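By convention in this document, chain letters (A, B, ...) are assigned in the order of the sequence lines, proteins followed by strands, and residues within each chain are numbered from 1. Because the structure is a prediction, the values reported are computed rather than measured.
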Amino acid sequence: MDKKLVIIDGNSIINRAFYALPEMNNKEGLKTNAIYGFTTMLFKIIDTYKPTHISVAFDRKAPTFRHLEYEEYKAGRKKMPDELRVQFEPLKELLDKFNINRLEIDGYEADDIIGTVSKKGEENGYKVYIVTGDKDAIQLASDKTTTLITKKGIGEVEEYNFDSVMEKYEMTPTQFIDLKGLMGDKSDNIPGVPGVGEKTGIKLIKEFSSIENLVENVDQLKGSVKKKIEENKELAIMSKRLATIIRDVPIEINLDDLEFGDYNKSDVLDIFRYFGFNSLLSRVLELDGGFESEEEEININILDLENIEEFKNEINNKKELILKTVRKQGNILEKNIINIFMSLDGENIYCINEDAIEKFKDIFSSNDIKKYGYNLKDDYLALRPYDIKLENMQFDIVIAEYLIDSTSSTSYECSAIAMKYLTKKVKSEEELLGKGVKAKKYENLDSAQLKDHIGQIINTVKNVMPIMEETLTDMNMDELFHSVEMPLVEVLGSMEYRGIKVDKDKLNELGIEFRKIISSLESEIYELSGETFNINSPKQLGVILFEKLELPVIKKTKTGYSTNADVLEKLKDSHPIIDKITEYRQIVKLNSTYVEGLLNIINPISNRIHSSFNQTITTTGRISSTEPNLQNIPVKMEIGRKIRKVFISDNKCKLVDADYSQVELRVLAQMSQDENMIEAFKHNEDIHTKTASQVFNVNMEEVTSQLRAAAKAVNFGIIYGKSDFGLADDLNIPLKKAKEYIESYFAKYSKIKGFMDETIEKATENGYVTTILNRRRYIPEIKSSNFMERNRGKRFAMNAPIQGSAADIIKIAMVNVYKKLEEKNLKSKLILQVHDELIVEAFEDELEEVKQIVKDEMENAVKMDINLDVDLNTGNSWYETK
DNA sequence: CTAGTCACG
DNA sequence: ACGTACGTGACTAGT
């Protein structure tokens, strides 16, 4: 095989990469953009040129012979930014893991090493490639050496060999040195001959072929050029010497040591994981052609179940089961299972179809057999229509991965998890089904494909679990995982399955009412603006308001005028149309999102709404709700609040609505241990009034509603890390005043200030912050070199422990309420969670007991120095529970 | 598919 | 001096 040698100018490529890519950090906040760019470049070169040998040359700090000869060499260069400097060592480590040879030597630049190695390569019959961003290396191009110069950042390279240089520049590669000697080079501070630029330089080189020859025959020139050359002979010759890449650097090189390919793959993968280069993991596997060889592929035996009893006995003996259901899409309340795949060892995988489900009912609903899986809530829900409750869900790898990294930008897809933990290629959903409208459905896959895919998932679950278990323990989250998040899976599944009853007629009625208002507002707006237009288009509305009506522009967006509620609020006295638009927006929102939106999603079988509660979305630990989002049903304005009349209790039931009072501020008081605030909560005082009296130095009785509102804004602002500027804007007060408020606040609640500072410090030191249950949020932004990003990171750091701890608390309460209701065999069910609020659909004959349970379990979810306080309300509709 | 807007805690 | 409050999801317009 032909020997191919790639020599990379390490400094040049890392520089290019650094400036070409936006800032990137690993979880610990280490800057990685230049390393990442270098690595992708390296991969690209390997893919394209398939080198047998690789070497990377680096500059040394020590002065080179060029500096010694010419003091001004490379003077005036900008200092290397720290963000780049810190990436050198990690990059060199990465190269070491790849067993890629590195060369550096005092007194010479990377260029000279490259010149030397390439010469040696040529002499020994190698085909040589030089990779750099520096055009000087074109002088090394020959019929055996190709110089690859990066262009467009680092995305592409341009090839130079002897012929292409001749063709393009009508000069030999080595004549580039002579040209540079004449022209000089600003970036290296090589003087050249003053007054000679590119044009003259090229002309002279073409005519005289070298600087030496030119100097000797200077008589043949005339005019000013002759004078310039005559006066600067020495300068030209020295410049040439500075520009000449040395090709016999005194360095021991054994080309055999440069051979590429002998490295420990798992070490490389480890360092990639450390850098957070998850997207490159698969590329590592593909590097030496083809994926992990066949023999490493797992062995999936999918058997038709011949002897169900035998398999069931095995499960009963082992008391655990990995399972994955495959379901057609369809009504949540209907039987839609196609297959259930089950396994004990992750390799022998059994598959049953719908008819056999009943036979496994005792297994699935056994509290004795631990269930492991991937998105277990789906399995729970798939089985419910068969009158089977999947019990004892112990380990869901998606939930585990969410706890391990809630900020992960990749979804918690099996393919990503398998790659991260096992470095195994599993097809992603998109690869399996395709994407967009043309995507296939599970029911349309052929059975071999389906079996293989689910087999891979089950195998992944099996192999990933022990690693995740250890990781969770190391991160102190085993308790959170096993006692809170995993039990919550069933709670959320149960909430979804039960759903909430809706009064469809009432919803339709509201729709009629809203549409009436909308059409009259529409006419009024057209009247006031003198023309019809699409009021729903911010763009068209902007034109009407700010061009036609010439109202003052308050704020701009990326694409044009801002017309949001804040802006309209500031404009409302300038034109009567503004109030109409505000109202129009409000009613349109109610109609389209809530009336139309909810009507579309009422389950025809149950006449109820079955929202999905997602446990792995938010970075802070909160739950989110989709299709529909039941966590943002209007409540603030009376007209919107009417939507809540639609959510009603079933026959013989009432809705019990329990919400924590000021849970986030209580958490803040607890975590900061601020005596002042703890005291306020202990005396059950209105916290905002109390804050007002403390911050504004007045008696509790003297606190006006304005003062209370200001204090409330400050209290919330603190939780979010708000600035004086934002507070001033919010309260419409001078900046100075806002500053005073915050200062006075921190003076009164001094430990809160201390807590915030400590939290930021911890985040900076560890790269993450934690909640009361050790839930972790990584904050790479906190180490950003960008002021704004870094400040955002600080706000995340201040907010996440508070919001996240509140989420922890209500999750514990949910699990405990659910357990109690089950234990006592009550028919009443938990049906909704809205961050600090739980809603139970309670049977009237259980009402008092349920109220007690909910209040108790919520108030005693965790032990704190401050009591948790819960407000309870009961009604026939959500509207009534206020 | 993104941006703007607005509903909630 | 920088710009300026955290966490979500749904809908509409417009490219």
Side-chain angles (χ1 to χ4, degrees), chain A residues 406-407 435-436 533-542 555-568 581-582 584-598 600-601 611-614 617-637 639-641 643-644 659-665 668 713-730 735 738-739 742 769 777 779 784-804 806-807 810 832-837:
Chain A
S406 67
T407 50
K435 68 169 176 177
F533 63 100
N534 187 345
I535 311 168
N536 296 317
S537 160
K539 195 175 160 190
Q540 294 183 37
L541 179 62
K555 205 165 75 179
K556 288 205 144 200
T557 66
K558 269 185 263 183
T559 50
Y561 311 110
S562 171
T563 65
N564 71 18
D566 282 354
V567 170
L568 296 184
I581 288 165
T582 305
Y584 174 89
R585 282 239 175 106
Q586 190 187 5
I587 311 295
V588 163
K589 174 89 178 178
L590 291 175
N591 191 55
S592 57
T593 302
Y594 298 103
V595 176
E596 306 287 349
L598 291 177
N600 277 328
I601 211 158
S611 170
S612 296
F613 291 98
N614 199 315
I617 297 287
T618 70
T619 50
T620 52
R622 276 189 177 179
I623 287 164
S624 87
S625 157
T626 51
E627 284 183 288
N629 181 356
L630 291 185
Q631 292 179 321
N632 71 349
I633 302 299
V635 68
K636 288 170 185 163
M637 309 291 269
I639 185 147
R641 197 174 201 144
I643 298 287
R644 294 186 171 222
D659 72 298
Y660 280 118
S661 134
Q662 310 296 355
V663 62
E664 291 193 339
L665 284 173
L668 175 60
V714 179
N715 269 327
F716 281 110
I718 297 297
I719 292 176
Y720 303 138
K722 195 177 199 171
S723 66
D724 46 12
F725 182 94
L727 186 69
D729 189 51
D730 244 34
L735 186 62
K739 212 172 195 154
I742 291 176
V769 292
R777 172 172 177 176
I779 304 177
S784 171
S785 52
N786 176 300
F787 174 85
M788 212 170 77
E789 272 290 289
R790 202 164 54 248
N791 276 347
R792 278 184 71 218
K794 288 181 186 173
R795 294 196 296 269
F796 294 159
M798 292 188 272
N799 176 259
I802 301 171
Q803 191 182 121
I810 198 161
L832 281 183
Q833 188 253 40
V834 192
H835 309 310
D836 62 356
E837 171 186 11

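When rounded to the nearest whole Å, the span between OH of A:Tyr584 and P of C:dT12 equals 10 Å. One interatomic measurement links the two molecules: CG of A:Leu665 to P of B:dG9, which rounds to 15 Å at whole-angstrom precision. Taking atom CZ on A:Arg792 and atom P on C:dC6, their separation rounds to 7 Å, with Å as the unit. If you measure from atom CD1 of A:Ile587 to atom P of B:dC6, you get 13 Å, rounded to the nearest angstrom. Computed from coordinates, the A:Ile639 CD1 to B:dA7 P distance equals 12 Å when rounded to whole Å. Between A:Asn614 atom CG and C:dG7 atom C1' there is a gap of 14 Å when expressed in whole angstrom units. Atom P of nucleotide C:dG7 and atom CD1 of A:Ile779 are separated by 9 Å, given to the nearest angstrom. The distance from atom CG of A:Asn786 to atom P of C:dC2 is 14 Å, rounded to the nearest whole Å.
If you check every strand for non-hydrogen atoms under 4.0 Å, A:Arg777 touches sugar and phosphate atoms only. At the heavy-atom level, A:Ile633 lies under 4.0 Å from the strands shown only through sugar-phosphate atoms. In this structure, A:Glu596 reaches neither bases nor backbone, as no heavy-atom distance under 4.0 Å exists between it and the strands shown. The residue A:Val635 sits close only to the backbone: its heavy atoms come under 4.0 Å of sugar-phosphate atoms, none of a base. In this structure, A:Ile802 reaches neither bases nor backbone, as no heavy-atom distance under 4.0 Å exists between it and the strands shown. A:Glu664 comes within contact range of no nucleotide atom at all, as no heavy-atom separation falls under 4.0 Å.
Nearest-nucleotide mapping onto DNA chain C: of A:Phe716 and A:Val588, the residue sitting toward the 5' end is A:Phe716.
Listed candidates were C:dA10, C:dT8, C:dG7. Nearest to the side chain of A:Asn799 is C:dG7. For A:Lys722, the listed nucleotide lying nearest its side chain is C:dA5; candidates were C:dT12, C:dT8, C:dA5. The side chain of A:Thr563 sits closest to B:dT5 out of C:dT8, B:dT5, C:dG3. Nearest to the side chain of A:His835, among B:dA7, B:dC6, B:dG9, sits B:dG9. With C:dC11, B:dA3, C:dG7 as the candidates, the nucleotide lying closest to the side chain of A:Gln803 is C:dG7. Here C:dG9 is the nucleotide among C:dC6, C:dG9, C:dG14 with the atom lying nearest to any side-chain atom of A:Ser624. The A:Phe796 side chain lies nearest to C:dG7 when the options are C:dC11, C:dG9, C:dG7. With C:dA5, C:dG7, B:dA7 as the choices, the nucleotide that has an atom nearest any side-chain atom of A:Gln586 turns out to be B:dA7. The side chain of A:Ser592 has C:dC11 as its nearest neighbour among B:dA7, B:dG9, C:dC11. Here the nucleotide nearest the side chain of A:Lys589, chosen from B:dA7, B:dG4, B:dG9, is B:dA7.
In terms of heavy atoms, A:Thr619 sits closest to A:Ser406 at O-OG, 3.0 Å. For the pair A:Ser611 and A:Pro628, the tightest heavy-atom approach, listed with the atom from each and the gap, is OG-O, 2.8 Å. Between A:Glu837 and A:Ile810, the shortest heavy-atom distance links the atoms N-CD1, 3.5 Å. Here the closest non-hydrogen pair linking A:Arg585 and A:Asn564 is NH1-CA, 4.1 Å.
Across all strands shown, C:dG7 forms a Watson-Crick or G-U wobble pair, both distances under 3.5 Å, with B:dC8.
The side chain of A:Lys539 places an N or O atom within less than 4.0 Å of a non-bridging phosphate oxygen (OP1 or OP2) of C:dT15. For the pair A:Thr559 and C:dA13, the criterion of a side-chain N or O lying under 4.0 Å from OP1 or OP2 is not met. Regarding contacts with the backbone of B:dT5, every side-chain N or O of A:Arg585 stays at 4.0 angstrom or more from both OP1 and OP2. Checking the phosphate oxygens (OP1, OP2) of C:dC6, a side-chain nitrogen or oxygen of A:Arg795 falls inside 4.0 Å. Distances shown here put every side-chain N or O of A:Ser562 at or beyond 4.0 Å from the OP1 or OP2 atom of B:dG4. Contact annotation: A:Asn791 does not reach the phosphate of C:dG3 (side-chain N/O to OP1 or OP2, under 4.0 Å). Close to C:dT8, at under 4.0 Å from its OP1 or OP2, lies no side-chain N or O of A:Thr620.
A gap of 29 Å separates the C1' atoms of B:dC6 and C:dC2, to the nearest Å.
Counting distance only, with no hydrogens placed and no angle test, the side-chain atoms of A:Asp730 and the base atoms of C:dA5 include a donor-acceptor pair under 3.5 Å. Counting distance only, with no hydrogens placed and no angle test, the side-chain atoms of A:Gln631 and the base atoms of B:dC8 include no donor-acceptor pair under 3.5 Å.
Although no hydrogens or angles enter the test, the distance criterion places a donor-acceptor pair under 3.5 Å between the side chain of A:Asn799 and the main chain of A:Ile719.
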I would like to know whether A:Phe796 and A:Thr620 meet side-chain contact (heavy atoms from CB on, under 4.5 Å); could you show each step before the answer? CA-CA 9 Å; A:Phe796 294 159; A:Thr620 52; over 6 Å; no
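Other residues, nucleotides and ligands contribute only 12 or fewer heavy atoms inside 6.0 Å of the CD atom of A:Glu627.
Going from atom CD1 of A:Ile639 over to atom CG of A:Leu590 covers 6.5 Å, rounded to the nearest 0.5 Å.
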